[in-house]
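Residue numbers begin at 1 in each chain, while the letters A, B, ... track the order of the sequences.
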Number of protein chains: 2
Amino acid sequence: MTELKKIDVARVTDKVLDHAQRYFRGEGFIEIKPVMLGRVTDPLDGDPGSAVLKTGTIEYGGQNLSLMQSMILHKQKLIAEGFDRIFILSPNIRLEQPQREKTGRHAFEFVQIDFEIAHAKKEDVFELVEGFLASVSKAVETDCAESLGTRGLKCIKAPFDRYHVKDLEAEFGPDWETIMSEENDQPFWALGLEREFYDDEKNNYDLILPEGYGEVLSGGQRVHETQKVLERMEAHGILETNREYVEFAKQGIVPSAGGGIGVDRLVRYFTGAEHVADVQLFPRIPGRSVEF
Amino acid sequence: MTELKKIDVARVTDKVLDHAQRYFRGEGFIEIKPVMLGRVTDPLDGDPGSAVLKTGTIEYGGQNLSLMQSMILHKQKLIAEGFDRIFILSPNIRLEQPQREKTGRHAFEFVQIDFEIAHAKKEDVFELVEGFLASVSKAVETDCAESLGTRGLKCIKAPFDRYHVKDLEAEFGPDWETIMSEENDQPFWALGLEREFYDDEKNNYDLILPEGYGEVLSGGQRVHETQKVLERMEAHGILETNREYVEFAKQGIVPSAGGGIGVDRLVRYFTGAEHVADVQLFPRIPGRSVEF
């Protein structure tokens, strides 16, 4: 394929953002402004191999504040305060180990379309996300034909296949994600991964893009029973470092489900870019220097 | 007035974001994703009294990275790369001195609608922003009537009056902004403030909201002559700390004009909130503790 120009990347990104804003509003969501600094943030305690080196923190006003790794805990707080359907174009900072450069899909700063639905089940999320992906791919293909060039984007067709991770591991081994992503020409759901303390282990999901582009969404029904939350936090060794969340959990968590869709990963898939660096106007890639 | 509920604040904020996205796209802009960490950021070298205590920084991959104080330098880089009209819903972090709590309109984390136009003059920005404010206030009044309650929002009428700051200072003294904001019932432009190195001192502008709500936008035509940029940076003592920008400036800056509109400040005005803290779902106010 011809080399991707920045303006083409920007046009496809703009279309994805525009479509997301319209689609989620059309589905009854309201847009919440992102939060970048918090007393708590997603501990990423379920990330296999602890690929995040450290949480970025700053000191201000006598407090240590964490750079947002994801807004999951803040989304849960809003849901508990009575919000019903929310989405956020949420910049996240995850200071990953430098070897993650090689995956082609990890950036240490990225934006996700982060959403949460009160009292929802995983099936509600499947339907919402499948509708989004089918419609955004159509919008990109129609409105960004010139920017896509010779990409030859395949039409995304809902519903997507669903697999249990334990079945995929049994068949393909630990590299199931890479193998399955390369073999498929449609996105598929991978269910039941071992994950962060807040995700119900029986009802969580990843969405994997086809053609080798890999994971684009993680999410789940959230653990809402206070006792179970505290037990899991203790087992993961993160009880002491998340006191504000513990206090919140003791006051009662409202059940919800949600997830986050990586904008750059989606744009990489749409444009057929080699590396996620090629779709960031200011690349923020583990193991590479920041230039500006 | 009755106490503002979080859901009402969120609905008005959602309407402002929705309207901004549609309005700027309708005017030929494309939306760029925010950048949160940079080798350079807005030095805020023109802020009177140096109200920002320090730039937030983190160390990662052997580099010091600054938390984004505004994307002005990154906007200029994109304009130089050929982008024509861009906007960003840009979270900014400015670690202000605690006494800024008292102004009622300073948060140490906020989102601005940040925009830039290649080869534009200040009059282009006036027309664009006046059109935005007139239409967004109408949209909020029409679609968020229930959330506004008894606010009694005045209809915003373009064009806005324009004043030179030196005339305002001569008439009202150093508190001209407060006095003029309280006395007026329409927004007005204040021209020719002493400002950051990148703003042409003869062609910059602030937009001041009426009814005492104060400044909601800062912007200007940008200094684009390399020699002048370097002289101003040297005079402000920021040449050594912004080497990447100096290198960029030496390669040639493309003239542009732009600005940033504070979302929370606009929502505060629309809702009639006492303090900007009352319109942030997670308040981030200098001098106050972060709770979550």
Trainee: Can you tell whether the side chains of B:Arg268 and B:Asp278 come within less than 4.0 Å, N to carboxylate O?
Mentor: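 So B:Arg268 does not pair with B:Asp278 through a salt bridge.
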Trainee: Do you know which of B:Arg25, B:Glu31, B:Glu244 has the most heavy-atom pairs under 4.5 Å to chain A?
Mentor: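 Greatest number of close heavy-atom pairs with chain A: B:Arg25.
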Trainee: Any chance the side chains of A:Gln280 and A:Asp264 put a donor and an acceptor closer than 3.5 Å?
Mentor: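 Yes - a donor-acceptor pair under 3.5 Å links their side chains.
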Trainee: Please round to the nearest 0.5 Å and tell me the distance separating atom CG of A:Leu65 and atom CD of A:Gln63.
Mentor: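 Here the interatomic distance stands at 5.5 Å.
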Trainee: Among the options A:Arg288, A:Glu247, A:Arg22, pick out the one with the most heavy-atom pairs lying under 4.5 Å from chain B.
Mentor: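 The answer is A:Arg22.
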Trainee: Counting only non-hydrogen atoms closer than 4.5 Å, can you tell me which residues of residues 13-21 of chain B sit against chain A?
Mentor: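 At a heavy-atom separation under 4.5 Å, chain A is reached by B:Thr13, B:Asp14, B:Leu17, B:Asp18, B:Gln21.
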Trainee: On the 0 to 90° scale, with breaks at 30° and 60°, tag the A:Phe115-A:Phe24 ring pair as parallel, tilted or perpendicular.
Mentor: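 Judged by the thresholds at 30° and 60°, the geometry between A:Phe115 and A:Phe24 is tilted.
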Trainee: Considering residues, nucleotides and ligands other than B:Glu291, do more than 12 of their heavy atoms fall under 6.0 Å from its CD?
Mentor: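 No, not enclosed.
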Trainee: Does a side-chain heavy-atom distance below 4.5 Å link A:Met36 with B:Met68?
Mentor: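 A:Met36 vs B:Met68: side chains apart.
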Trainee: Identify which part of A:Ile93 has an atom lying under 4.5 Å from any heavy atom of chain B, answering side chain, backbone, both or neither.
Mentor: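 Contact with chain B: side chain only.
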Trainee: Under the 3.5 angstrom rule, does the side chain of A:Arg265 hit a backbone N or O of A:Arg105 as a donor-acceptor pair?
Mentor: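 Side chain of A:Arg265 to backbone of A:Arg105: a pair is present.
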Trainee: Please determine, among A:Thr41, A:Ile86, A:Ile7, A:Leu89, the option with the most heavy-atom pairs under 4.5 Å with chain B.
Mentor: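 Maximum pair count with chain B is reached by A:Ile7.
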Trainee: Can you check whether B:Ala80's main-chain N or O pairs, donor with acceptor, with B:Gln76's side chain at less than 3.5 Å?
Mentor: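 Here the side-chain-to-backbone pair does not exist.
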Trainee: Would you mind checking which part of B:Tyr245 comes under 4.5 Å of any heavy atom in chain A, side chain (CB onward), backbone (N, CA, C, O), both or neither?
Mentor: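 Backbone plus side chain of B:Tyr245, per the 4.5 Å heavy-atom cut-off to chain A.
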Trainee: Can you tell which of B:Lys54, B:Lys33, B:Glu81 has the highest number of heavy-atom pairs within less than 4.5 Å of chain A?
Mentor: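 Among the listed options, the one with the most contacts to chain A is B:Lys33.
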Trainee: Heavy-atom cut-off 4.5 Å, strictly under: side chain, backbone, both or neither for B:Thr57 against chain A?
Mentor: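 Backbone only.
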Trainee: Test the A:Lys6-B:Phe83 pair against the cation-pi criterion, namely NZ or CZ under 6.0 angstrom from the six-membered ring centroid and within 45° of the ring axis.
Mentor: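 Negative - A:Lys6 is either too far from the ring of B:Phe83 or too far off its axis.
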Trainee: Output, in order, the C-alpha distance, side-chain angles, deciding distance and verdict of salt bridge (Lys or Arg N to Asp or Glu O under 4.0 Å) for B:Arg222 and B:Glu116.
Mentor: CA-CA 10 Å; B:Arg222 315 306 182 181; B:Glu116 198 74 16; 2.9 Å; yes
Trainee: Tell me, out of A:Glu59, A:His74, A:Arg284, who's got the most heavy-atom pairs with chain B below 4.5 Å.
Mentor: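 When all of A:Glu59, A:His74, A:Arg284 are compared, A:His74 has the most.
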Trainee: If we count only N and O atoms by modelled type, under 3.5 Å, do the side chains of B:Gln112 and B:Ser90 hold a donor and an acceptor together?
Mentor: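 Side chains of B:Gln112 and B:Ser90: no pair found under 3.5 Å.
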Trainee: Which one of A:Gly62, A:Gly61, A:Gly38 has the most heavy-atom pairs closer than 4.5 Å to chain B?
Mentor: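 Ranked by contacts with chain B, first place is A:Gly38.
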Trainee: So, B:Asp45 side chain and B:Phe197 main chain: donor-acceptor pair closer than 3.5 Å or not?
Mentor: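 Confirmed, B:Asp45 side chain pairs with B:Phe197 backbone.
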Trainee: Let me know if B:Phe282 has heavy atoms under 4.5 Å from chain A in its side chain, its backbone, both or neither.
Mentor: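 For B:Phe282, side-chain heavy atoms alone lie under 4.5 Å from chain A.
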Trainee: Does A:His275 reach the main-chain N or O of A:Glu101 with its side chain, forming a donor-acceptor pair under 3.5 Å?
Mentor: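 At least one qualifying donor-acceptor pair exists.
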Trainee: Let me know if B:Leu73 has heavy atoms under 4.5 Å from chain A in its side chain, its backbone, both or neither.
Mentor: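 The answer is both parts of B:Leu73.
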Trainee: Under 4.5 Å heavy-atom distance to chain A, tell me which part of B:Arg243 shows up: side chain, backbone, both or neither.
Mentor: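 Neither part; nothing is under 4.5 Å.
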Trainee: Identify which part of B:Leu95 has an atom lying under 4.5 Å from any heavy atom of chain A, answering side chain, backbone, both or neither.
Mentor: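 It is both, since atoms from each part get that close.
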Trainee: Which bit of B:Leu37 is near chain A, if near means a heavy-atom gap under 4.5 Å: side chain, backbone, both or neither?
Mentor: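 Contact with chain A: backbone and side chain both.
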Trainee: Is B:Pro34 in contact with chain A via its backbone, its side chain, both, or neither, using a 4.5 Å heavy-atom distance?
Mentor: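 Backbone plus side chain of B:Pro34, per the 4.5 Å heavy-atom cut-off to chain A.
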